[in-house]
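One structure below.
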Amino acid sequence: MTSLFGSRSPSRFSLTLVGAAIALGSLAASADVAARELKVSTVLSDAFPWGQAAQKWADLVEERSDGELTLRVFPNSQLVSGDQTREFSAMRSGLIDLAVGSTINWSPQVPELNLFSLPFLMPDESAVDAITEGEAGELVFQAIESRGVVPLAWGENGFRQLSNSQGVIDEPADLEGLKIRVVGSPLFQDTFSALGANPTQMSWADAKPALTTGAVDGQENPLSVFDVARIDQVGQEHVTLWNYMNDPLIFAANQQVWSTLSDDEKALLRETAVEAGAWEIAMTREQESERLAAIQERGVTVTDLNEEQHEAFVAATEGVYEKWVPRIGEDLVEAARSAIDAR
Ligand code: X2X
């Protein structure tokens, strides 16, 4: 048997084979480097605007990198086994490459993110934009970066409204003793305790089952989440529109992963995150009134607070500021307030 190198002078045929093998080898090697897949974590799937934001990001990256960079979205907090308040730590430690995450869920690790959860700080969408698009937003991004994660762009889960199974809530006294499911972030415990409720921290994965069995009486989430998850079907017949806080989303990357990307790849990821975020924010806001109508059509009682009722909730939660403003940082809160005043 003649091996490829068996004859003294290799035939033209065997030389061609060697050449082809080398070419194939280097092709495979460059494909390894080029066709890179990054994992994107989200809490909500693409049935919700949040998951759609991540999918949009993935689609834009695929389109513009000619398939060289692939973002694969892992919804339902599956990369952290459902424990959404561990997502930031998992991204910092490298278990997660990229995420479109909620400021609430990351606030246990990044205290500055509690800014957005301060009750009744941001009255409307323009107040949210004034913060995220200005100096306060930059300070928030610096805080994230200083804790080992690279922030890229903003999205929006939305203004959070209150729902419950017991009755109409239009004053703090109506919350007295109600068991309310809140996210596992300490500020929420304080806000709902201040209102006289009985807050219970649990992950989103556990929330719907707890509402179904009546283990909790109520919850708070944006209308898009209430609508898509059909929270009306688990006995939540009353919704109070109180806009008590907004939950911006942040597109971000693990620092180690980020440092291995070329300048072009970094620019591509950043630019597509900004585009996907802007697209999702506009969509979420545009859909808000249809969602409200759909929820009402299903027989849910919707209560819109008048100014006096609204003020009673603001007054009842003022104490939360005393404890949390020092933790968030006086300068950041001040920057946010002046941005809101100047809008
Ligand atoms: O857990 C929630 O309520 C949710 C889905 O809105 C967040 O992840 C903050």
Side-chain angles (χ1 to χ4, degrees), residues 40-55 73-91 96 99-110 113-119 122 128 140 144 154-164 179-189 191-192 197 199-212 215-232 234 236 239-252 277 280-281 284 287-288 291 295:
V40 187
S41 173
T42 65
V43 174
L44 299 179
S45 76
D46 63 5
F48 301 83
W50 183 343
Q52 287 158 17
Q55 194 49 52
V73 183
F74 291 78
N76 307 319
S77 321
Q78 59 185 283
L79 297 176
V80 283
S81 312
D83 195 351
Q84 65 206 52
T85 51
R86 281 183 37 233
E87 189 181 54
F88 189 86
S89 309
M91 187 167 32
I96 292 174
V100 179
S102 139
T103 49
I104 300 176
N105 293 332
W106 294 359
S107 62
Q109 291 82 33
V110 188
L113 291 177
N114 286 292
L115 173 74
F116 301 101
S117 306
L118 282 173
M122 301 173 288
V128 180
V140 168
I144 290 173
W154 297 95
E156 185 162 284
N157 191 16
F159 275 100
R160 298 178 78 88
Q161 318 297 358
L162 181 64
S163 79
N164 87 100
K179 260 197 159 179
I180 305 292
R181 174 270 167 173
V182 292
V183 188
S185 166
L187 185 149
F188 289 81
Q189 200 75 26
T191 299
F192 283 86
T200 307
Q201 301 192 326
M202 66 182 77
S203 69
W204 173 244
D206 294 335
K208 209 172 164 187
L211 293 165
T212 307
V216 294
D217 303 307
Q219 64 89 45
E220 48 76 58
N221 247 303
L223 289 182
S224 65
V225 178
F226 188 97
D227 181 25
V228 177
R230 291 303 307 267
I231 298 300
D232 57 291
V234 292
Q236 297 290 290
V239 166
T240 299
L241 302 177
W242 65 343
N243 275 17
Y244 89 117
M245 61 156 295
N246 192 303
D247 182 24
L249 301 174
I250 296 176
F251 294 65
E280 185 263 344
I281 291 171
T284 300
Q287 291 172 343
E288 198 77 348
R291 297 218 184 261
I295 290 166

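All figures in this text were calculated on a predicted structure; none of them were measured in a lab. Excluded from the calculations below are hydrogen atoms, water molecules and symmetry mates; all remaining heavy atoms, backbone and side chain alike, are included. Both counts, for ligands and for their atoms, begin at 1 and track the order of listing.
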**Q.** Heavy-atom closest pair, residues Phe116 and Met122
**A.** O-CE, 3.4 Å

Q: Tell me, please: is Asn221 in heavy-atom contact with ligand 1, that is, under 4.0 Å?
A: yes

(Q) Yes or no: does Arg181 have any heavy atom under 4.0 Å from an atom of ligand 1? (A) yes

Q) Less than 6.0 Å separating the ring centroids of Trp242 and Tyr244? A) yes

Q: List the steps, then state whether side-chain hydrogen bond (donor to acceptor under 3.5 Å, both in side chains) holds for Thr284 with Glu156.
A: CA-CA 7 Å; Thr284 300; Glu156 185 162 284; 5.9 Å; no

At a 4.0 Å threshold, what atoms of ligand 1 neighbour a non-hydrogen atom of [X]?
X: Ser102; value: 9 (C)
X: Gln84; value: 1 (O), 2 (C), 7 (C), 8 (O)
X: Asp247; value: 9 (C)
X: Asn157; value: 6 (O)

Q: Would you kindly specify which portion of Gln219 sits under 4.0 Å from ligand 1, judged on non-hydrogen atoms: side chain, backbone, both or neither?
A: neither

**Q.** Location of contacts on Val225 toward ligand 1, heavy atoms closer than 4.0 Å
**A.** neither

Q: Taking the side chain as every heavy atom from C-beta outward, state whether Val183 and Asn105 have any pair of such atoms under 4.5 Å apart.
A: yes

Q | Any side-chain heavy-atom pair of Ser224 and Trp50 under 4.5 Å | A | no

Q: Could you tell me whether the side chain of Thr191 and the main chain of Phe188 form a donor-acceptor pair under 3.5 Å?
A: no

Q | Gln236 and Asn164: side chain donor to acceptor below 3.5 Å | A | no

**Q.** Protein heavy atom at shortest distance from atom 8 (O) of ligand 1
**A.** Asn105 ND2, 2.9 Å

